Participant: 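Input: one structure, supplied below.
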Amino acid sequence: MQLLDSWYAVALASALKPEQPLAVRLHGERFALWRDSAGAVAAVLDRCPHKGASLSAGRVQDGRLACGYHGWCFGADGHCASIPAQHTGEPMPRRAHTRGVPCREAYGFLWLWWARDPEAPAVSSEALPPLPAVGPIPEGGDPRWRNLEGQVEWQANWLRVLEAFMDLTHAPFVHSGTFGATAPDQLMPEEQWVKDDSLYERVLAPRDRHYRAEQGRGLRGLFITDENTEAEGGDGGVQHIQLWLANVSLVRVVFGDFQISLCTAHVPLDEGRTLNLWRHFRSFLRIPLADANARGRVDRFMAEDQRMVETLTPRLPDLDGRGDLLLASDAMTLCLRSLLRQKRSAGLLV
């Protein structure tokens, strides 16, 4: 399934280096991204119209993307600016162009516009709808936060992955050692809503001390060491879980002054593969020496979900509910599927 006329976060902004193109994949299509002479992001199909070479294997030259095979040079609009082997005065061949793709940079991600009709005349990025208002997440360089980034590929459909990140009640079973030290019947949603292609849930997660003693320190122990648990204060926390279509989720956990945020772009590489690009923020233990422990816990959290989500059948979620038995506690899954059915009725989910 593909959500059309939507912005997709497709890469970490930090992955795009100056003077070096970046290959990304979205819904089975390859794109080449680079920074122009002003530092803005540009994107075209990752195929040179000359002999089919990968443009992402080329180089950035004077703000344009030059094919590494024969040096054909392309601008952000996909038009060929020069062919080195062409004699002076020869007209540019009509087919010597590729397709430019609107792109933007925000929230630490690079975004591509996935159009309903990719063959339609090119539209400037400024004329398209705005990016989803992802957040709150810390601004780059904010000294009050420590930021880590990473990625992991799952053998699962991206819509199944979106559902997993909005599914709260699996936490005590899947994430008992990293993220879910809460009794299953004590997850208490305080607020839920769906609007503007976004779903949100705020949840109180009080401790079940007996459960916690059996299962380990769980969420309290997520990146929090014995030295700072006394300062943490309180015995419970608040979780804020939000999803923005097409493909970005944010989980924020607040314990007084201690906060953890995990912002993830779930990139549909194809029908059966999803690349999860994550950005993790913590408001405590901001020294680099704590990064290895923090990264290890994020990796473990992701692996716990991956192990279960990759087993789900059918591979695509059943939007019409004929094969699943969903209950009131599956409120966010039900809301997401309802929103996707609306997109399907409008011809925007195919």
Side-chain angles (χ1 to χ4, degrees), residues 1-16 22-36 39-46 76-78 99-137 139-140 149 151 157-159 161-163 165-166 194-200 241-251 262-271 273-279 335-336 339-340 342-344 346-350:
M1 293 186 190
Q2 302 179 13
L3 193 58
L4 309 178
D5 281 356
S6 292
W7 287 106
Y8 286 81
V10 296
L12 293 167
S14 60
L16 185 58
L22 176 68
V24 302
R25 181 180 291 271
L26 177 62
H27 289 308
E29 187 76 78
R30 284 175 56 91
F31 300 91
L33 279 62
W34 76 99
R35 295 191 183 277
D36 64 19
V41 183
V44 295
L45 292 179
D46 193 13
D77 59 1
R99 175 161 58 91
V101 181
C103 53
R104 293 182 185 173
E105 179 177 356
Y107 313 116
F109 296 111
L110 306 177
W111 304 68
L112 292 182
W113 176 254
W114 191 254
R116 186 193 307 227
D117 180 7
E119 302 303 323
V123 178
S124 69
S125 178
E126 291 71 21
L128 295 172
L131 294 175
V134 175
I137 57 175
E139 296 288 339
E149 297 179 338
Q151 64 181 52
N157 181 266
W158 70 291
L159 293 179
V161 178
L162 294 191
E163 288 189 354
F165 275 72
M166 294 301 296
V194 181
K195 61 183 178 182
D196 299 330
D197 288 351
S198 181
L199 295 86
Y200 172 81
I241 305 170
Q242 192 162 356
L243 170 69
W244 293 266
L245 293 180
N247 70 324
V248 174
S249 68
L250 176 63
V251 178
L262 184 65
C263 186
T264 311
H266 313 283
V267 187
L269 303 178
D270 52 40
E271 282 291 294
R273 295 186 301 149
T274 301
L275 180 63
N276 294 296
L277 306 167
W278 57 264
R279 306 189 70 220
C335 288
L336 175 57
L339 184 55
L340 292 174
Q342 295 175 33
K343 296 290 185 181
R344 185 178 62 185
L348 294 175
L349 182 69
V350 297

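Basis for what follows: all heavy atoms, side chains included, without hydrogens, waters or symmetry-related copies. Bear in mind the structure is a predicted one, so any value in this text is a computation, not a measurement.
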Participant: What I'd like to find out is whether the side chain of Q342 reaches to under 4.5 Å of the side chain of L348, using heavy atoms alone.
Facilitator: no

Participant: What is the distance from atom NE2 of H27 to atom CH2 of W158, rounded to the nearest 0.5 Å?
Facilitator: 5.0 Å

Participant: What heavy-atom pair brings C103 and A43 nearest, and what distance separates the two atoms?
Facilitator: SG-N, 3.7 Å

Participant: Can you name the closest pair of heavy atoms from C263 and V134 and give their distance?
Facilitator: SG-CG1, 4.0 Å

Participant: Flag the pair V267 / V24 as yes when at least one side-chain heavy-atom distance between them is below 4.5 Å, and no otherwise.
Facilitator: no

Participant: Got a second to check how far E163's CD is from N157's CG, nearest 0.5 Å?
Facilitator: 9.5 Å

Participant: Could you pull out all residues at least two apart from R30 that satisfy salt bridge (Lys or Arg N to Asp or Glu O under 4.0 Å)?
Facilitator: D46

Participant: List in chain and number order the residues that pass side chain to side chain contact (heavy atoms under 4.5 Å, CB included) with A40, two or more places apart in sequence or in another chain; answer none if no residue qualifies.
Facilitator: D36

Participant: Can you list everything that forms a side-chain hydrogen bond (donor to acceptor under 3.5 Å, both in side chains) with R25? Sequence neighbours excluded, please.
Facilitator: none

Participant: Does E149 have any side chain to side chain contact (heavy atoms under 4.5 Å, CB included) partners at least two apart in sequence or in another chain, and if so, which?
Facilitator: L12, S14, N147, R279

Participant: Kindly write out the residues that satisfy side chain to side chain contact (heavy atoms under 4.5 Å, CB included) with S6, not counting sequence neighbours, or none if the list is empty.
Facilitator: L3, Y8, A246

Participant: Can you tell me how far CG of L199 sits from CZ of F165, rounded to the nearest 0.5 angstrom?
Facilitator: 15.0 Å

Participant: With a 4.5 Å cut-off on side-chain heavy atoms, are L243 and V248 touching?
Facilitator: no

Participant: Output all residues satisfying salt bridge (Lys or Arg N to Asp or Glu O under 4.0 Å) with D5, sequence neighbours left out; order by chain, then residue number.
Facilitator: R116

Participant: Minimum heavy-atom separation for L22 to A15, with atom names?
Facilitator: CD1-O, 4.0 Å

Participant: Would you say the side chain of M1 lies within less than 4.5 Å of the side chain of V350, judging by non-hydrogen atoms?
Facilitator: no

Participant: Return yes if a side-chain donor-acceptor contact under 3.5 Å exists between N276 and H266, otherwise no.
Facilitator: yes

Participant: L131 and A106: which non-hydrogen atoms are nearest, and at how many Å?
Facilitator: CD1-CB, 3.5 Å

Participant: Who pairs with D197 by side chain to side chain contact (heavy atoms under 4.5 Å, CB included), at least two apart in sequence or on another chain?
Facilitator: L245, L339, K343

Participant: So does S198 get a backbone contact from the side chain of D196, meaning a donor-acceptor N/O pair under 3.5 Å?
Facilitator: no

Participant: Taking side chain as C-beta onward, heavy atoms only, is V44 less than 4.5 Å from W34?
Facilitator: yes

Participant: Do the non-hydrogen side-chain atoms of T264 and L277 ever get within less than 4.5 Å of each other?
Facilitator: no

Participant: After noting the C-alpha distance and the side-chain angles of L159 and L340, does the key distance pass the side chain to side chain contact (heavy atoms under 4.5 Å, CB included) rule?
Facilitator: CA-CA 10 Å; L159 293 179; L340 292 174; 4.1 Å; yes

Participant: Applying side-chain hydrogen bond (donor to acceptor under 3.5 Å, both in side chains), name anything that partners W114, two or more places apart in sequence or on another chain.
Facilitator: Q2

Participant: Quick one: do L336 and L162 satisfy side chain to side chain contact (heavy atoms under 4.5 Å, CB included)? Show the steps, please.
Facilitator: CA-CA 9 Å; L336 175 57; L162 294 191; 4.1 Å; yes

Participant: How many angstroms lie between CD1 in I241 and CG in L262, if you round to the nearest 0.5 Å?
Facilitator: 11.5 Å

Participant: Which residues pass the side-chain hydrogen bond (donor to acceptor under 3.5 Å, both in side chains) test with Y107, sequence neighbours left out?
Facilitator: none

Participant: Can you name the residues that form a salt bridge (Lys or Arg N to Asp or Glu O under 4.0 Å) with E29, not counting sequence neighbours?
Facilitator: none

Participant: How would you list, by chain and number, every residue that makes a salt bridge (Lys or Arg N to Asp or Glu O under 4.0 Å) with E271, sequence neighbours excluded?
Facilitator: none

Participant: For a quick test of reading the model, state the closest non-hydrogen atom pair linking P118 to A115 and the distance between them.
Facilitator: CD-O, 4.0 Å

Participant: Ring pair (Phe, Tyr, Trp, His ring centres under 6.0 Å) with W113: which residues, sequence neighbours excluded?
Facilitator: W7

Participant: Begin from the C-alpha positions of R104 and V41 and carry the test side chain to side chain contact (heavy atoms under 4.5 Å, CB included) through to its verdict.
Facilitator: CA-CA 6 Å; R104 293 182 185 173; V41 183; over 6 Å; no

